[in-house]
Every structure is written in C-alpha cells, then in structure tokens.
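The structure appears below as structure tokens.
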2 protein chains.
Amino acid sequence: MRDRVTLQDVADQARTSKTTAHYVLTGQDQKLRIAEETRRRVLRAATELRYRPNLMAKGLRTQVTRSIAFISDTVATEAYAGNLVYGAIAAAAEHGYLLFVCETGGDPELEASLIGDLASRHVDAYVYASLFTREVQIPAELHFERTVLLNCLAADNSSPAVIPDERQAGRDAACALLDRGHRRAIWLVGEPGEQVLAGAQRTEGIRQALSDAGTELAGTVDCKWWPEPAYEQFGAFLDDGGDPSAVICLNDRVALGVYQALKARGRSIPTDVSVVSFDDSDLAAWLQPPLSSIALPHRQMAAEAIRLLMTDGALAEHPVHVAMPVRLRESIGPPRS
Amino acid sequence: MRDRVTLQDVADQARTSKTTAHYVLTGQDQKLRIAEETRRRVLRAATELRYRPNLMAKGLRTQVTRSIAFISDTVATEAYAGNLVYGAIAAAAEHGYLLFVCETGGDPELEASLIGDLASRHVDAYVYASLFTREVQIPAELHFERTVLLNCLAADNSSPAVIPDERQAGRDAACALLDRGHRRAIWLVGEPGEQVLAGAQRTEGIRQALSDAGTELAGTVDCKWWPEPAYEQFGAFLDDGGDPSAVICLNDRVALGVYQALKARGRSIPTDVSVVSFDDSDLAAWLQPPLSSIALPHRQMAAEAIRLLMTDGALAEHPVHVAMPVRLRESIGPPRS
DNA sequence: TTGAAAGCGCTACCAT
DNA sequence: ATGGTAGCGCTTTCAA
C-alpha cells in the first residue's frame, strides 16, 4: 500500500515524458530507437522508485488482465484431484498468468453469479474443471469466452477439452496382468457404470485387451467405488467360493477394500491373487504390498489445458486425451498354478 | 467478450445521466432521494442491457479489487491440505471476494516476484499459508500489506496468524485413551521433533494429560511420519518384545504403518492394542478398524483467517488457535488386562 | 433531484 | 527521437 509510484513519477525522475518512459519500460525501445542515454535514465528511475505498473489501469486500456478463471464443481474438496488445480496454477504461472480459483459446489445459480463476477473482472480465459471425468453442460455465457474443459466433455463437443485416456488405461491394466501370464479367473471389482466416462471406458479397454489376448473377464463384483462396499461385496464373493487369479479394481479405494477382504481371509497378494487398480493415489504406494495402479495424470492434463488456452487451442483435435501412466508395483505376480 | 455495456449505455437508455444511474445501481439512491420513476428506468435499462460494472475501472478509481492473494509454499501439492485453500475460497466468496491462488514451492525468488505481481494487481489482502504448521519468515513486502498467516507463525509474531490447537489435541488424544482406562504401556510413535510445531506441541499435550492422570508415556518409537518407516520401526519394536497397551501415532500415515505392523503379527486392534492418531485424513475412516484421530480443522482455520482479514483482525489476540475435533472410532478399546 | 466534469494510471495515436 | 493528448469505465465532487 505504499506503492503509489506511477509511470509519470518515473518519467519525471528521468526528466522525460510518460510516453518515452513507457516505450522503454515495455521494451519497445528498439524499433523506436530511443537514445541509449534516455533509456538508461528511465531504467534507473524505475528501479530506484521501485516502479510497478498498475495492472488495473493497464487492463482497463488493453482489455487483458493476465488472469484466468479456474471454475470447478468440487474439484478441490476431493483431495486427490488437487493436482488439477495446482497443475493449472503452475502452468499458468509460467506464462505470467494468475488464477482465480473458484468452486461452485455444483450449484448452477452460484455458478452463474460467479461467472458474472469473473466477467466483470475481465478474466482472459476460463478453465472449467470437473472432479470426475464426465459430460457437462457448460453455462451459456462461457460459449462466448475463451474456455477449455478440464476432465470433462461438453455434450456437443463445442469447446476444447482435456481428458485422461481411460480406454488405453483399461487396456494397460489388463496387459499388466496378461504380461505376467494371467489368462483365466480375472475379475473386475467396482460398478462399471458409476462414473460415466471413467467406469465405462476403463471397462471397455479392459475387455478389448483381454479379448485381443483370446480371453475375457471371469466376471464382475459390483460395488460402489469405496473401501467399505468393496470390502463387503468382494468379501462376500470370496466367501461364496470366489477364487480369482487376478483382480482389476476400478480405483484405489476399491483396491483397499479388496486388500482388506483378501487379508482377512489369509489370501496373499500377489502370491494367491494379483491386484491392479486405477488412479494411483497416495494410498497405492502405502499399501502392502504396494499397489500397481494406472495413474490419473492430473498435472499433465491441467498443463495441457493451459497450453490450449495459450495457443488458441482451436488447432488441436479435441478432446485431447492424456496418457495415464502405468505404475507397476509388487501387487502383481504370476498366476498361482 | 460481448460484454461491452457501460454505465453510460445504461444512463442513455434510461434517459438520464451516468451519475444518476450510478447512484441508483450502487444503492445510494435512498439518501439521495432520486425520483422513483427515474430509479425504475435505470434499473430496467440495466437489466435489459445486462449491465455488468467493469471491476477494473472501478478498482482503478477506488483502489479496491475485492480479490485476495492466497500464497502457499506447497500447500496444495500435499493432498490433505487442500481444505486450507478451499476453505479460504469458500469463506472469501461469502464476502464477495475472489482468490488468486499461488504456490511458491518454497522458492524465495519466485515468492518475491509473485508478490510483486500481486501488488501490481492491487489485491486487497494476503493469506500466507503453509502446508505444515511452522514458523515462517514472511517477505518484507507483506509487512506493509493486510496479511494473515494461515497454519504458520511469524517469528516476531508481527502478523495475525491462525493455527490449530495442537497442544490441546495432544491432551485430547491422551484423554481418549485415559477415558477408556489405559494407564500403562502407552507408547508414542513418530519423531516428536520433525514438524516443528505439530510434533512438539502434540507431544507436549500428551505428556501433560498423562501427567495430570498420574502416569506417563512408556516410551517413544522414533520414526519419520510415513507408513513405511513406521511399519519398520514399530515392527522392530514389537519384535524386540514391545508390548504396548495403547499407541499414539503422530499422524495417520504413521498409524497406517502401525496397523500393518500389528496385523502382520496377529495383534488385534483394539482388543490387544488401542490406537489413536492425528490429522483425520480420509485414510482414518477407511482403515479397519476405523481409526480414532484428532482432526486438522483446515476449513475452519481458513474461514477464521478470512474473517480476520475482513474484520481488520487487529482486534483479536493472536495467534488464533482453532480447536482440533476429536473423531472417536473403533480403534480404541479398554486395556487388555 | 440531476448532471458535468475531473481524474484513477496506463496505452497508443499523432505531432513535432 | 520525444512528447502531447485522448480515452478505457468508473466514482465523486461540485454546481445547477
């Protein structure tokens, strides 16, 4: 707040005009061949006075604010999606942009008023992000703005979008087991339909890869994507005589439940049962044995979204699919017999 | 970007002047007794034209931007601290403020240039947050700005700060065990010194409460605050004949390692050993049995920080200590014998 | 009860 | 090679 130094002050101190000072300070001095001597005086004055251009004034003139709105339903609340935000912040920072990070909690009215506020502030662009990979209906106002969807798709595919390559991830999960020799008694745990895109596409990829290898899923244990239901349902499955050689869990939380159910029954991982999963949350590396998981590349996705915004993404084929890295750990071994 | 409606446009449409329109739209029409008829025309015009005040222009005049900078070392990266950010965003939103969320990664140069940029944008206030509760050296520039420290303390206690009440949390953890009848063979797991404040204060609270009950810690198993080292060290402790009645883990990740070590040796929780911990991360509720944990109230802390900013926090005694809620779950039972 | 006009700090066009 | 000046859209003082 003791930062009241204006361009005029710098010009005065350098005994020149606002215009000249401006040209020097914005690096337009080359083509305008400003005297080296003048240039120096301006630069010295700016440094001495600790001049900081007022970005509001600049924005008012130029209509650019070097700020981006990051709007999410509830990205943040779920801890593991935090990297969508931080990846975006970091990528934007590299271009000199700052992010207004906002959460709507999924409330359309709040969303509308938020976008109104952001428009009032003349943010340069919008990242519209979702916690779960899914199809969204973006607010009409955003159609008129530079917008990119992160971890979600517009129903009409009208805006550039960045999503993880879930289908390939499904294939990779299956291949991780196939590579170790698994062919039979491969079970899927989790509701394939729950998270519209992730569930359906992971499952699809899994089926494709298995089919390519001349085999198929032995079956599915249906349950919500949480440890408790996975523990219950998968435990019941085992108690009913279920004897899987390998298990593909639709996410790490499900895998935790599966681990617990297996251990409670004295079955060893990976000696008796191999386990592979999706998301690669912190949990995966902490489990015993460490869990093999196909990672959600949230940071890369966010970086890609910012890149699209910066390069006027129109050029790219969209949606952009970001590869999900395979993190192989000790939860996968050769089949028992 | 089709949002080029100015106050002048509204005034024209309402057949009045910018000034009058301004008074009406900013609700200053009461004391200035503007004709009801005029008032209506202005309001109608604004609605019809979908007028949105330009916050840059407004800010340029008034020097207030209704935006707050949230600066953190690396708050975000660690998933579980995300609520420091989202709590702040939500609390600020209630006051009509938006947050520029920034991360410095702990790099002082980056931090300095970031603060420069934020100053250029004339943010109204700063939240300086840390992932771990610790003492920080805030950049000199912030001394001249409205600033509040979140989850950290200034060495000279110069700025208002909000931190969790770790000492009371320590007492509460010990009491959770004392209440169930534990008196002897209560062990502490984790390095008490590691996280300057949290480790030291939690331990201090624990010792106080035990001392008040006429007992004391049986000893400490020293290890980093992660599952793996906790598993190793605590496992070695058990193998050396360690026979704890109850274990206090300095955080949930340590508790995970302790759970794993106990289970690997066939000791049951809470029948053989009671466990209590700190942080109440997602993990706590997922473990079997669910883990009792003293929660880090990140959202409340953030809300409190914003409140201090809004009320010119000078009034409050600082640092402000926010209570850490006790989440009792099935990991605590009566002592064995 | 309403309106004119100055000015926030910057950019960019037009002179010189 | 340098400087004057007109706004960007808003707030606010002063005058009518």
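Per chain, numbering begins at 1; letters A, B, ... match sequence-line order. The figures that follow rest on heavy atoms only: side chains count, while hydrogens, waters and symmetry mates do not.
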Under a 4.5 Å cut-off applied to non-hydrogen side-chain atoms, are [X] and [Y] in contact?
| X | Y | result |
| --- | --- | --- |
| A:L309 | A:Y97 | no |
| B:L150 | B:V162 | yes |
| B:R134 | B:D73 | yes |

* Could you give the CG-to-P distance, from B:D12 to C:dG3, as a whole number of Å? ->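 In whole Å, C:dG3 P and B:D12 CG are 11 Å from each other.
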
* Asked: If you fit an axis to the five pairs at each end of the helix from C:dT1-D:dA16 to C:dT16-D:dA1, how big is the angle between those two axes, to 10 degrees?
  ->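 Roughly 50° between the end axes, to the nearest 10°.
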
Side-chain atoms of residues 151-160 of chain A: list all donor-acceptor pairs with protein atoms under 3.5 Å, sequence neighbours left out, distances to 0.1 Å.
from, atom 1, to, atom 2, distance (Å)
A:N151, OD1, A:T133, OG1, 2.7
A:N151, ND2, A:S130, O, 2.9
A:N151, ND2, A:L131, O, 3.0
A:D156, OD1, A:S158, N, 3.1
A:D156, OD1, A:S158, OG, 2.8
A:D156, OD2, A:S158, OG, 3.4
A:S158, OG, A:H143, NE2, 3.4

* To do: In sequence, state the C-alpha distance, the side-chain angles, and the governing distance for A:T38 and A:V24, and then conclude on side-chain contact (heavy atoms from CB on, under 4.5 Å).
  => CA-CA 9 Å; A:T38 315; A:V24 171; 5.7 Å; no

* Going from NE2 on B:H122 to CZ on A:R52, what distance comes out if it is rounded to the nearest 0.5 angstrom? ->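 Output value for this atom pair is 10.0 Å.
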
* Ring-ring centroid check A:F100 A:F70, cutoff 6.0 Å ->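 No; A:F70 has its ring centre 6.0 Å or more from that of A:F100.
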
* Asked: Using a cut-off of 4.0 Å between protein heavy atoms and nucleotide atoms, how would you tag nucleotides 8-13 of chain D 5' to 3' with B, S and -?
  -> BBBBBB

* Carefully, step by step, assess A:S72 and A:V85 under the rule side-chain contact (heavy atoms from CB on, under 4.5 Å). => CA-CA 9 Å; A:S72 70; A:V85 184; 5.8 Å; no

* Taking OP1 and OP2 of D:dT2, is either one under 4.0 Å from a side-chain nitrogen or oxygen of A:T16? ->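 A:T16 to D:dT2 OP1/OP2: no side-chain N or O under 4.0 Å.
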
